[in-house]
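Structure record follows, encoded as structure tokens.
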Amino acid sequence: MANASCLGLYIEEHLIKYAKVSKDRDKIKVEAFGIMFYDKIGEAIEQVVQETYSQKTPISINLSQEMYHYYDMFALLTKNDLQKAIKTEFDSYCADKGYNPNVFETRYAIVGNQEEKEKLRVIHVADNKIELNKQMQMIEGYKLSNISPISMSIPNLIDIDKNENCVVVNIEESTTVTTILEDKIYHVDQIEEGSKDFLTKINLKENSYLKAYEICKNTTIYTSEGRELQEEQSTYLEDIMPTLYVIAGKIRNIVRQNGDRIKKVYITGTAALINNIDLYFAEYMDGIDCELLKPYFIQPTTSGDLSIKDYIEVNSAISLGMMGLGEGIGGMNFKNQSFADKIPDWLKLEVNPDRTEKEKKNLGGIFTWDLGQPLDKTETGLIRVAIGLLLLVIIYSAFSALLANQIKLKQQEAEKSMKETRQQIELANADNEKINSKITEYDTMLKNLEEMNNQITERNRTRNAIPNLLNQIMTIVPENVQLTSIENTSSTHIVIQAQSNKYEQLGYLVARMKTDVILTNVISTAGQKDNSVVSIKIEGDLP
């Protein structure tokens, strides 16, 4: 059986880090590695695949825009209840943010809660499906088998002791800080600042991203006890140090949040290539040991061109390759596996159309031996493999049939449930229509009652207003004035006929009606004299 291998690709803007990792039992080996700058990502991936002879090798890549959430769950929950509770928590988060939870692909890992032992801590990772599809499209045409968050894969490079507490700082394009408590990943912090900040600044000066990268590799940080810097070194450090200062401050806060539990800080990523960066970070870590993250299975060499630092340069790619080989935390693969993905390479047989007639006669042209001769050990072994494959196909077919039957039953149950739900919805809609009809009927009744109440109020007001009007007129009518008629022509309009032998008495009456507001909008006609009697008509409205 051939050794299992996987090509790890850490992809970011302008840059690919790659490492082809193989595994023979428990022995891990890096067969090929390097970095590549690109303008067209598709051409760069094709070149990497060609150079590493990985046309048929599984490929493992990183997520690009994942986000992390943390939930505390009771340890006594069943697996199904736990899954439902996690989904409910994430749906609640999406509702608060106005997100559609269906646009996210999610995975989660479970560890013991350090503060509350009766609870579990859920590390929930979500990535937008659109961004995830973009990542997969970059590897289209090749054998993509694994997509994992880099924060979860990078601890693969540490041979973690039981109960070890440490922090892994991966300063790539942006920075991830993976906190490990009691040899388990416990928390991931994302820091926006990373190598992209200072590489972009140097690139603006040098007009070459590759040159900016090489400058970082050749830059040395001189700590508080270091020597005086040269002018050229100072020029580049002024682009690098502000970013490292911010990152160091945030890491120190993360370490302090864990009290005295953190014993070591590992540094990796592009920024780890800067000389003395471990000493620089140590000055901020309150005496905690800081060191570069060296893959535990790589042994230092005293000869040759490769050094440990060459491997450190592609740590992210190596860790992803190991993830593709089944190392590290499980359940974080965002690539949905098909059955073909799960068949080991050694079980996959290819038919060669160019075989000879003799080969085609031997078991369908798949295996090549002459059945007219005694079978040797190799041929016997191949027959056994063929029989094993046949049994595997039979078992798989039976299992597939059983699974298909179960799926069919579940679909029927789902359809029945959907039908009942639709019926309930129809009943609810009918009830809703009845309620709306009653609401309209009640609104009409209320409107009619209000109109009747207004009419009664107006009638009562008018009924009381006429006697009040007569009483008020009696108090202001002069002795020489006679009221010949008082008529209520409409609901509030009053017409009064009056006569007197003196004009001034009639004028006095009209003036008093206006000033005492006995009527409003008071008007009067000019007086008409008949013999010695003057008659006028007074009109107005009840107040």
Side-chain angles (χ1 to χ4, degrees), residues 2 4-23 30-67 100 102-107 125-154 156 172-174 196 209 314 316-328 330-353:
S5 62
C6 181
L7 177 62
L9 297 181
Y10 176 75
I11 304 172
E12 60 182 43
E13 188 177 8
H14 304 300
L15 175 65
I16 296 178
K17 297 182 179 183
Y18 63 91
K20 188 171 185 179
V21 184
S22 64
K23 181 180 179 182
V30 179
E31 297 179 357
F33 64 90
I35 64 168
M36 181 176 294
F37 294 87
Y38 67 88
D39 293 320
K40 295 182 179 180
I41 182 63
E43 295 178 359
I45 292 174
E46 181 179 3
Q47 185 176 345
V48 169
V49 170
Q50 294 292 335
E51 290 182 359
T52 58
Y53 304 101
S54 302
Q55 291 85 348
K56 299 180 182 180
T57 302
I59 297 176
S60 175
I61 64 174
N62 56 294
L63 289 177
S64 61
Q65 296 185 17
E66 72 271 18
M67 57 184 179
N100 179 1
N102 294 323
V103 305
F104 295 99
E105 188 77 21
T106 63
R107 300 289 187 272
V125 188
D127 194 24
N128 189 292
K129 290 181 179 178
I130 295 176
E131 296 300 324
L132 189 60
N133 287 332
K134 288 180 181 178
Q135 293 288 100
M136 290 191 288
Q137 287 170 4
M138 291 190 297
I139 315 298
E140 190 173 6
Y142 301 105
K143 188 179 176 182
L144 178 62
S145 64
N146 187 280
I147 308 176
S148 301
I150 192 66
S151 60
M152 294 294 184
S153 70
I154 202 68
N156 291 342
E172 295 287 12
E173 190 173 28
S174 60
K196 182 179 180 180
Y209 212 88
V314 293
S316 294
I318 296 174
S319 71
L320 288 169
M322 295 174 67
M323 206 76 168
L325 294 173
E327 296 290 314
M332 278 295 159
N333 186 3
F334 278 70
K335 168 69 165 62
N336 293 322
Q337 300 292 298
S338 65
F339 177 73
D341 293 330
K342 298 176 182 178
I343 298 177
D345 290 339
W346 64 276
L347 282 177
K348 296 179 180 177
L349 302 175
E350 298 182 357
V351 177
N352 185 353

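In this chain, residues are counted from 1 in sequence order.
Here Asn146 contributes atom CG and Met322 contributes atom CE; the two are 12.5 Å apart, rounded to the nearest 0.5 Å. Here the straight-line distance linking atom OG of Ser60 with atom CG of Asn333 works out to 7.5 Å at 0.5 Å rounding. Rounding to the nearest 0.5 angstrom, the gap separating the CG atom in Leu9 from the CD1 atom in Ile61 is 7.5 Å. The distance from atom CE of Met152 to atom CG of Leu320, rounded to the nearest 0.5 Å, is 13.0 Å. One finds the OG atom of Ser319 at 4.0 Å from the CD1 atom of Ile154 (value rounded to the nearest 0.5 Å).
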For this session: Could you walk me through whether Cys6 and Val21 pass side-chain contact (heavy atoms from CB on, under 4.5 Å), step by step?
Result: CA-CA 5 Å; Cys6 181; Val21 184; 5.5 Å; no
Exercise. Run the side-chain contact (heavy atoms from CB on, under 4.5 Å) check on Ile147 and Ile139 step by step: do they pass?
Worked result: CA-CA 11 Å; Ile147 308 176; Ile139 315 298; over 6 Å; no
For this session: Any chance you could lay out the side-chain contact (heavy atoms from CB on, under 4.5 Å) test for Val314 and Val30, step after step, and finish with the verdict?
Result: CA-CA 11 Å; Val314 293; Val30 179; 6.0 Å; no
Mind listing the side-chain donor-acceptor pairs of residues 127-134 below 3.5 Å, one per line with the distance, residues two or more places apart or on another chain?
unit_1: Asn128; atom_1: OD1; unit_2: Ile130; atom_2: N; d: 2.7
unit_1: Lys129; atom_1: NZ; unit_2: Asn102; atom_2: O; d: 3.1
unit_1: Asn133; atom_1: ND2; unit_2: Lys129; atom_2: O; d: 3.2

Could you pull out every donor-acceptor pair under 3.5 Å between side chains of residues 36-47 and any protein atom, sequence neighbours left out?
unit_1: Tyr38; atom_1: OH; unit_2: Glu12; atom_2: O; d: 2.7
unit_1: Tyr38; atom_1: OH; unit_2: His14; atom_2: N; d: 3.4
unit_1: Gln47; atom_1: NE2; unit_2: Glu51; atom_2: OE2; d: 3.0

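The side chain to side chain donor-acceptor pair (under 3.5 Å) test applied to Gln137 returns no partner, not counting sequence neighbours. In this structure Glu105 satisfies the side chain to side chain donor-acceptor pair (under 3.5 Å) test together with Arg107, sequence neighbours excluded. For Ser174, there are no side chain to side chain donor-acceptor pair (under 3.5 Å) partners at least two apart in sequence or on another chain. Looking at residues two or more places apart in sequence or on another chain, you find a salt bridge (charged side-chain N to carboxylate O under 4.0 Å, His left out) between Glu13 and Lys196. With sequence neighbours left out, the side chain to side chain donor-acceptor pair (under 3.5 Å) criterion links Glu172 to Lys17, Thr270, Ser316.
For CD of Glu140, the number of neighbouring non-hydrogen atoms (other residues, nucleotides, ligands) closer than 6.0 Å is 12 at most.
Here the side chains of Lys143 and Gln55 are not in contact, with every heavy-atom distance at 4.5 Å or above. The shortest distance between side-chain heavy atoms of Phe334 and Glu66 does not fall below 4.5 Å. Side chains of Thr57 and Thr52 form no contact here, defined as non-hydrogen atoms less than 4.5 Å apart.
Legend: salt bridge (Lys or Arg N to Asp or Glu O under 4.0 Å) pairs involving residues 316-328, not counting sequence neighbours, sorted by first then second residue: Lys23-Glu327.
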